[in-house]
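Have a look at the structure below, then the notes.
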Protein chains: 2
Amino acid sequence: MKTIEIDDELYHYIASQTQHIGESASSILRRLLKCETTTVPSMVVANVASQTSIKLPATSLLSLIHHSNYIDEKKTVNRFLMLLSALYQENSSRFSLAATSLHGSKRRYLATDEKSLIDTGNNTKPKAIPDTPYWVVTNNNSARKSYILKTIMDNMELSPSIITTVLDNFIAKAGE
Amino acid sequence: MKTIEIDDELYHYIASQTQHIGESASSILRRLLKCETTTVPSMVVANVASQTSIKLPATSLLSLIHHSNYIDEKKTVNRFLMLLSALYQENSSRFSLAATSLHGSKRRYLATDEKSLIDTGNNTKPKAIPDTPYWVVTNNNSARKSYILKTIMDNMELSPSIITTVLDNFIAKAGE
DNA sequence: GATTGGATCGCGGGGATGCTTT
DNA sequence: TCAAAGCATCCCCGCGATCCAA
């Protein structure tokens with residue numbers, strides 16, 4: 001362990017990015033420094049929010065689909081996970097609400113633990129949604145992934161135009 | 001001013017991102033936390049070069065292997081391509097020199113066109129090195145990929161300690 | 001016999017397709 | 001019986017260790 005000194009403003013910013021009670025500074029920083037990767041969203045939102053103090057809905061989503069990490073990703077699952085992660089960053093409580101009410105006839109689609117996804121189906125192939133307490137079912141086709149995204153976005157009450165943009169983009173990339 | 005505790009590895013990573021002698025932790029962190037950009041390797045080199053006008057050898061290489069895009073990448077080929085790309089950014093003329101003199105008994109390993117790699121072997125699976133005019137042969141084991149990296153780095157006359165660091169890291173990740 | 005290099009083929013992940021259920 | 005929705009088997013393809021050739 002090492003100690004570093006940082007100014008108050010920066011300190012508060014970092015502290016505000018805590019995702020788990022008692023999370024260490026190292027853990028928070030590692031996540032934030034990953035921002036060049038997938039997690040742009042949370043940063044972007046945080047920055048925009050602190051600068052404008054106006055809520056700009058779906059900022060992280062829209063920036064994600066224009067971000068090279070997303071654009072260059074050719075596996076549908078990975079884009080799926082990125083979008084879910086961004087949705088969670090967008091509004092974690094609405095996301096949670098949307099998540100719990102979503103399921104198929106047998107399968108649960110989202111949960112905060114791997115096991116309940118494994119237990120409600122065969123070969124569901126659950127994957128953790130990055131920077132999120134959630135897991136998603138993954139063994140399904142692109143149409144269903146799209147459906148899961150749509151349902152969550154609808155429940156989160158994002159604007160219809162944004163939902164359309166995101167889905168059209170997702171489907172277009174999936175079918176090639 | 002506030003004090004935070006972080007683990008050693010993270011500390012060294014942050015320290016390695018210093019751009020001005022005596023730069024404060026806050027300053028470094030603010031810069032890193034804004035880096036929503038992506039293309040760190042080439043970016044880093046360009047920035048460092050223009051700001052300091054001192055040649056800092058292998059900066060892009062070392063930052064690459066601490067970068068989440070590299071760390072999180074589990075496919076050896078992709079890390080291989082990233083490293084080659086960083087090496088080219090480092091010094092394209094030395095890279096070119098090193099590239100042309102490198103081959104196996106039948107196969108050419110690097111070329112500026114796909115065809116000559118296909119033609120000098122069966123199933124060579126050439127891949128383009130990102131942000132580079134070069135292609136590499138890919139259908140080989142990790143030991144050979146490592147050998148290719150080593151040979152190029154040696155020919156580019158990077159410092160032995162850097163070469164060791166990069167290779168140890170590459171091999172460690174490959175063997176898991 | 002040992003070493004170096006080539007490239008076949010085994011393994012694992014992704015997700016479309018086809019079967020099952022409602 | 002037909003249609004629609006949902007599940008999960010199974011095919012395909014990329015990676016790269018292993019084995020074969022030089």
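Just so you know, these numbers come straight off a predicted model, no measurement behind them. In what follows, chains carry the letters A, B, and so on, assigned in the order in which the sequence lines appear, proteins first and then strands, with residues in each chain numbered from 1.
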Task: Short side-chain N/O contact from A/K106 to OP1 or OP2 of C/dT22, under 4.0 Å - done: no

Task: Closest approach of A/T124 to A/L117 (non-hydrogen atoms, all atoms of both residues) - done: OG1-O, 3.2 Å

- [ ] Go through the N and O atoms of the side chain of A/N139 and the base of D/dT9, and report whether any donor-acceptor pair is under 3.5 Å.
- [x] yes

Open item on the list: I need the CG-C1' distance between B/N140 and C/dT8, as an integer number of Å.
Closed with: 13 Å

- [ ] Round to a whole Å and report the spacing from NZ of A/K125 to P of D/dG6.
- [x] 21 Å

TODO: Using atom CZ of B/R108 as one end and atom P of C/dG6 as the other, report the distance to the nearest whole Å.
DONE: 13 Å

Open item on the list: Between P on C/dC19 and CG on A/N122, what's the gap in Å once rounded to a whole number?
Closed with: 18 Å

Open item on the list: In whole Å, I'd like the distance from the CZ atom of A/R107 to the P atom of D/dG6.
Closed with: 12 Å

Open item on the list: So B/K127 and B/V77, do their side chains get closer than 4.5 Å, heavy atoms only?
Closed with: yes

Task: Flag, side chain of A/T165 to backbone of A/S161, donor-acceptor distance under 3.5 Å - done: yes

Task: Residues B/S96 and B/Y88: side-chain donor-acceptor under 3.5 angstrom - done: no

Task: side-chain N/O A/T138 vs C/dG15 OP1/OP2, d < 4.0 Å - done: no

Open item on the list: Between P on D/dG14 and NZ on B/K145, what's the gap in Å once rounded to a whole number?
Closed with: 14 Å

Open item on the list: I want to check one thing: is the phosphate of C/dG15, taken as OP1 and OP2, less than 4.0 Å away from some side-chain N or O of A/T76?
Closed with: yes

Task: Spacing of B/K150 atom NZ relative to C/dT4 atom P, expressed in whole Å - done: 13 Å

Task: Polar side-chain contact A/N123-D/dT9 base: donor and acceptor under 3.5 Å - done: no

- [ ] Write down the distance between CZ (B/R144) and C1' (C/dT3), rounded to a whole number of angstrom.
- [x] 11 Å

TODO: Remember a base hit wins even if backbone is also touched, and classify A/Y147 as base, sugar-phosphate or nothing at under 4.0 Å, heavy atoms.
DONE: nothing

Open item on the list: Assess, by modelled atom type and distance only, whether the side chains of A/N91 and A/S93 contain a donor and an acceptor separated by less than 3.5 Å.
Closed with: yes

Open item on the list: Quick check for you: among D/dG16, C/dA16, D/dA8, whose closest atom lies nearest to any side-chain atom of A/S142?
Closed with: C/dA16

Open item on the list: Using a heavy-atom cut-off of 4.0 Å across all strands, would you classify A/F80 as base, sugar-phosphate, or nothing?
Closed with: nothing

Open item on the list: Of the options D/dA8, D/dC15, D/dG6, whose atoms approach the side-chain atoms of B/K127 most closely?
Closed with: D/dC15

- [ ] Confirm from the modelled atom types if A/N141 and C/dT17 form a donor-acceptor pair under 3.5 Å, side chain to base only.
- [x] yes

